[in-house]
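In what follows, a structure is listed as C-alpha cells, so that the remarks can point back to it.
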Amino acid sequence: TLREGGQASKDAGRMGVSMHEYLAHVAGIVHHSQYLHLGRDAVRSKRMEMVRLPNSLFWDRSMGGGLCLICQEALAYMRKRGYSLEGLEKTLHKDVGQPVFQHMRLFQEIHGRLRDAGKLVHPVIYFSEDLTRALPPKRVDNLRTIALAHGASVTSQMGRASHVVVPDTPGMAQDPTSDWFRTLQMRDVTVVRELG
C-alpha cells in the first residue's frame, strides 16, 4: 500500500478518476519529466547531475517494486509542497531549456529510495592500467566524470569493480567467453556503446 494513499484517494475522487488512473498519471508525469530534464536532448548541466531512471523501473508493478516506490516519492513530494496533480505536471514540465531544474530534489529522492530498496544498482568501475596509459589524463578524467554523473562509482582496485574498462583490442569481438562494449560514438557526455 502507498504511504500517501489517503490523500491520493481523495485527489482521485475529486478528479473523478480511479486510483489506478490517478497513479498512472503521476507515474507518467515523472517519467516524461525525466526525458525533458535528463534525457538525450536535455540541457547538458542537468544531464551531468544525474541520469534518468531505466524504463524497467516504471514497468515493475510488483508490491514494493520500482513503480510503487516512484509513485510514493512523487506523492510525498506533492503533499509537502501542496501540489495537485495538475500542479505537479506544470511544475515538472517547465524550465526545460534552463540550465538548472529547481525540482531536481524529487529525482534525487526517487533515485535514493530505489537505491536503498535495491531496485537501482549502480556499477563500480575500474579503469584499467592499459586504458589509463593509452589515453591522455584529461580523457580519463572525462570518462570518470561521465561515470560519476550517471551514478557509478570509480575504484582504484580492480578486485572491487563490477565493470572494468579496457581499451578496444583486436579480437575482442571474437572471444565468446567474455562480454564487452565497444565505443561507437561520443556525444557530449553520452557514450554510445555496442555490447558484445
ring-ring contact (aromatic ring centres under 6.0 Å, His included) filter on Tyr77, not counting sequence neighbours, yields His103
Could you give the distance from CG (Leu85) to CZ (Arg14), rounded to the nearest 0.5 Å? 10.0 Å
Linked, directly or transitively: Val43 and Leu38 (ILVMFWY side chains, under 4.5 Å): no
Apply side chain to side chain contact (heavy atoms under 4.5 Å, CB included) to the pair Leu75 and Leu23, showing each step before the final yes or no. CA-CA 9 Å; Leu75 291 170; Leu23 292 174; 3.8 Å; yes
Say you draw a straight line from OG of Ser62 to CG of Leu67; how long is it, rounded to the nearest 0.5 Å? 9.0 Å
Show your working on side chain to side chain contact (heavy atoms under 4.5 Å, CB included) between Arg139 and Asn142 and close with a plain yes or no. CA-CA 5 Å; Arg139 183 71 182 117; Asn142 189 20; 2.9 Å; yes
Inter-residue atom distance Lys138.NZ - Thr145.OG1, 0.5 Å rounding: 11.0 Å
Could you go step by step and tell me if Leu143 and Leu131 meet the side chain to side chain contact (heavy atoms under 4.5 Å, CB included) rule? CA-CA 11 Å; Leu143 292 173; Leu131 182 80; 4.3 Å; yes
Restricting to salt bridge (Lys or Arg N to Asp or Glu O under 4.0 Å), what partner residues turn up for Glu109, sequence neighbours left out? Arg105
Spatial distance of atom NE2 (His37) from atom CE (Met104) [nearest 0.5 Å]: 8.0 Å
Taking every heavy atom of Pro123 against every heavy atom of His163, the minimum-distance pair comes out as CB-ND1, 3.2 Å
Taking atom NZ as the centre, does Lys90 end up with more than 12 heavy-atom neighbours from other residues, nucleotides or ligands that are less than 6.0 angstrom away? no
So which heavy atom on Ala161 is nearest to which on Ile125, and how close? CB-C, 4.4 Å
For Leu92 versus Ser33, what's the shortest heavy-atom pair and its separation? O-CB, 3.5 Å
If you round to the nearest 0.5 Å, how far is CG of Leu120 from NE2 of His111? 6.5 Å
Provide the closest heavy-atom pair for Val30 versus Phe107 in the form atom of the first, atom of the second, distance. O-CE2, 4.4 Å
Under the salt bridge (Lys or Arg N to Asp or Glu O under 4.0 Å) test, which residues partner Asp141, sequence neighbours left out? Arg144
Around Met15, counting heavy atoms of other residues, nucleotides and ligands shown, do more than 12 lie under 6.0 Å from its CE? yes
All side-chain contact (heavy atoms from CB on, under 4.5 Å) counterparts of Ser153, not counting sequence neighbours: Val124
Show the numbers, then the answer: is there a side chain to side chain contact (heavy atoms under 4.5 Å, CB included) between Glu89 and His25? CA-CA 9 Å; Glu89 186 168 23; His25 200 95; 3.5 Å; yes
Got a sec, which residues hit ring-ring contact (aromatic ring centres under 6.0 Å, His included) with His31, two or more places apart in sequence or on another chain? Tyr35, Phe58
Through direct or indirect side-chain contacts below 4.5 angstrom among Ile, Leu, Val, Met, Phe, Trp and Tyr, which residues connect to Leu36? Val96
Inter-residue atom distance Asn55.CG - Asp60.CG, 0.5 Å rounding: 12.5 Å
Closest approach of Lys119 to Gly65 (non-hydrogen atoms, all atoms of both residues): CE-CA, 3.9 Å
Going by heavy atoms in the side chains, are Leu69 and Gln72 under 4.5 Å from each other? yes
Please check this pair: side chain of Ser128 against backbone of Val165, looking for a donor-acceptor N/O pair closer than 3.5 Å. yes
Please give me the minimum heavy-atom distance between Leu148 and Ala152, naming the atom from each residue. CD2-O, 3.4 Å
